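Here's the structure, in structure tokens; my notes come after.
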Amino acid sequence: MEDKNWDKTFKERIERHYNEMKWLYAELYNNDQQAFDYFCDMLYHFYEERSDRLKLWDMGREVVLDWFSGNDMIGMLMYTDCFAGNLKGVKKHLDYIEECNVNYIHLMPLLCSPEGRSDGGYAVSDFRKVQPNLGTMKDLADLSEACHERGISVCLDFVMNHTSEDHEWAVRARKGEKEFQDRYFFYDNWDIPNEYEKTVPQVFPTTAPGNFTWCDEAKKVVMTSFYPYQWDLNYRNPVVFNDMTANMLYLCNQGVDIIRLDAVPYIWKTLGTDCRNLPQVHTLVRIMRMAAEIVCPGTLLLGEVVMEPSKVVPYFGTVDKPECHMLYNVTTMASTWHTVATKDVRLLKHQLGLVFALPKQYVFLNYLRCHDDIGWGLDYNYLKQFGIEEVAHKKYLNDYLKGAWYGSDARGELYNDDPRLGDARLCGTTASLCGIEAAEYEGREDKLDKAIKLDIMLHAFLFTQSGIPVLYSGDEIGQRNDYGYHNVPDKREDSRYLHRGALDWKSAANRKKKGTREQRLFDAIGTLAKLRADNKVFENEAVTWIVEAYNDHILGIGRYYRGEKLIALFNFNDRDETAWINEEEEYTNLLTGEKVIAKAVGVPMYDFVWLYTKF
């Protein structure tokens, strides 16, 4: 390394990580010094390619390393075409994004993928080209620059477990080129694949059963964990890791601030295991973290780990050897909708207690809804003490949230229904699951008032959690389910498109009209966002705890930060309830400004209170 003609800043950065990075790389790739030297030279290439503007951006963020964990951070997740047609359209609507108090946008997959075989953009055929109908790589760079001028960060998915079967590597592998077959998992017959199948779970057992597909052109079997058109990459090959890291850094150099590592637990495969969360996965993520800190330290890694907390938390790494900067709080999302359906907060209290006990440097992304389905991966061992049985309970949750249960106004649809195992998941927008769609269809103002209250209360709960709240585009105006996907051949088999409809800009205009559903939700969520940003008690570093309300319908959360204290109470029941708390201090209702004695506090149906005091 001493002989390298590298820039001083780059040298200082790589020297901080060189020994650890070399050791990890050598352990993973059998002391392949040539591959490691190539890796380091590749890092320098992308450092040199990084624009002066982005290097200044990096320098600012190196000064404030936790810039992303403040109480003013609010994200919004969107499909580019659904939100504004294309990347130029998103740029034109940045005023609206700012009006939503959003300073972090997650653009759903927008890289090249084959029409009809894209899995929503997660089957990438070219990591350095934008889907033509969405724009160009220059449009992405221009959007990022415009966002940075407004203090908005940009997140992009990086699909690292697999490529599309149309990717150049896969095309050449099909033609028999061994160099490219070695980038995937190819086998001459089904012997080894059948051994894998004994221990590896299926991701989509009903829509894409099995983990392998016969490639007729190559006359071989190829590993396809997700769908037959998505070929798993072989990270045992250092060329794969080097080139995929290069693809990631290329996107960072377009101004992408947050790289979402898609399906990261799956990226290392070992025969005889479940091929999930293996130790080598953490080695790879750790090296990627160091690579980003060397080339583009203004960039964050967001891990997509859709599992229970015990399996999620290791992806943060350690204080000395960090991996991901942020992770999803997926279990709380599922537990929230369980609570909406049962009106019983005990599971949610249990789940939050686990999260609250974690170190405060961990930053979670919290959300009510996302682009995917709601999976019922709940803590059934905990629920068992209340006589709840897993299969029957999943059926109840699905029946309630699709409106098939008496008295339910929720409107959702099943996803990946497997009647044999009773293991369906659920889809729907926040508004439709809260009852807004049913109320408006029936023309019932009383039901609409109730549904809007529930929607606002859930957003208040979202904003009370530590971490970064992320809105799903359209939730700010209460966008309802889009049933039009049933008429689109490429979409009709995937009910997730129910909540992936295009943003209705005519509906969004109603946010300015007093009394409309859009205005009531938009203003309420905006008020919550501003209160959160104005009060340090919502900082990620705040101490958090469960406040016992002695009422199974009311969730109580306490927060404390540098002399500021908050007691937040959420009533999940459809009738008024009392939180039997007994706090000594005098509080102010943050929303109304009234003075409140925090003893036996009444909380109306589907409502909440934020009680604040300062010492």
Side-chain angles (χ1 to χ4, degrees), residues 72 74-79 82-84 89-90 92-105 150 152 340 367-369 409-411 428-464 469-482 499-535 570-571 574 589-594 603-610:
D72 59 337
I74 294 183
M76 178 177 279
L77 179 152
M78 63 182 66
Y79 282 93
C82 293
F83 181 74
V90 176
K92 288 177 183 174
H93 285 294
L94 289 179
D95 285 346
Y96 177 80
I97 289 170
E98 282 194 311
E99 193 183 338
C100 294
N101 302 286
V102 164
N103 48 17
Y104 156 27
I105 59 171
R150 296 170 181 250
I152 298 171
V340 169
Y367 56 103
L368 296 176
R369 290 298 296 113
D409 291 315
R411 295 294 180 266
T429 67
T430 299
S432 289
L433 295 179
C434 284
I436 286 174
E437 177 185 321
E440 292 186 333
Y441 177 79
E442 296 173 22
R444 291 275 301 273
E445 285 297 324
D446 58 329
K447 280 192 174 184
L448 183 60
D449 289 344
K450 185 169 79 168
I452 288 175
K453 283 183 72 174
L454 175 59
D455 194 310
I456 293 169
M457 184 269 281
L458 292 178
H459 279 92
F461 168 54
L462 173 68
F463 287 177
T464 303
V470 179
L471 305 173
Y472 188 61
S473 174
D475 276 5
E476 73 280 4
I477 56 169
Q479 185 146 313
R480 301 168 301 183
N481 291 337
D482 179 4
H499 50 254
R500 294 177 181 174
L503 182 65
D504 185 344
W505 283 101
K506 288 184 179 178
S507 177
N510 287 337
R511 74 190 186 280
K512 304 289 187 182
K513 296 179 183 177
K514 190 165 178 58
T516 62
R517 170 248 301 167
E518 294 89 346
Q519 177 267 322
R520 293 165 69 183
L521 281 169
F522 191 87
D523 287 359
I525 294 171
T527 297
L528 295 173
K530 286 169 184 168
L531 286 171
R532 183 177 183 275
D534 288 344
N535 291 276
F570 305 93
N571 182 5
D574 55 4
N589 185 317
L590 264 185
L591 276 87
T592 65
E594 308 175 76
V603 187
M605 60 174 287
Y606 290 155
D607 211 343
F608 75 100
V609 290
W610 275 351

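Just so it is clear, the model here is predicted, and its values are computed rather than measured. All residue numbers in this chain count up from 1 along the given sequence.
Note: Phe83 and Tyr96 have tilted aromatic rings, judged against thresholds of 30 and 60 degrees for the angle between ring planes.
For Arg532, there are no side chain to side chain donor-acceptor pair (under 3.5 Å) partners at least two apart in sequence or on another chain. Contacts of Ala438 classified as side-chain contact (heavy atoms from CB on, under 4.5 Å), with partners at least two apart in sequence or in another chain: Asp409, Arg411, Glu442. With sequence neighbours excluded, the residues that form a side-chain contact (heavy atoms from CB on, under 4.5 Å) with Ala451 are Ile436. Under the rule for a side chain to side chain donor-acceptor pair (under 3.5 Å), the partners of Tyr79 that lie at least two apart in sequence or sit in another chain are Arg500. Every residue two or more places apart in sequence or in another chain was checked for a salt bridge (Lys or Arg N to Asp or Glu O under 4.0 Å) with Asp504, and none qualifies. With sequence neighbours excluded, no residue satisfies ring-ring contact (aromatic ring centres under 6.0 Å, His included) with Tyr606.
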| task | Using the side-chain contact (heavy atoms from CB on, under 4.5 Å) rule, take Met76 and Val470 through it: C-alpha gap first, then chi angles, then the decisive distance, then the call. | result | CA-CA 5 Å; Met76 178 177 279; Val470 179; 5.7 Å; no
| Where do Lys447 and Glu440 land on the salt bridge (charged side-chain N to carboxylate O under 4.0 Å, His left out) test, with the steps shown first? | CA-CA 8 Å; Lys447 280 192 174 184; Glu440 292 186 333; over 6 Å; no
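Using a 4.0 Å cut-off between a side-chain N of Lys or Arg and a carboxylate O of Asp or Glu, Arg511 and Glu99 qualify as a salt bridge. The residues Asp449 and Arg517 are annotated as not salt-bridged, no charged nitrogen and carboxylate oxygen being separated by less than 4.0 angstrom. Ion pair Asp95/Arg150 flagged as a salt bridge, since at least one NZ, NE, NH1 or NH2 atom sits closer than 4.0 Å to an Asp/Glu carboxylate oxygen.
Shown are Thr592, Thr464, Asn535; of these, the side-chain hydrogen bond (donor to acceptor under 3.5 Å, both in side chains) with Trp610 is made only by Thr464.
In this model, no donor atom of one side chain and acceptor atom of the other lie less than 3.5 Å apart for Thr429 and Gln479.
A donor-acceptor distance shorter than 3.5 angstrom exists from the side chain of Asn103 to the backbone of Ile74, with no hydrogens or angles considered.
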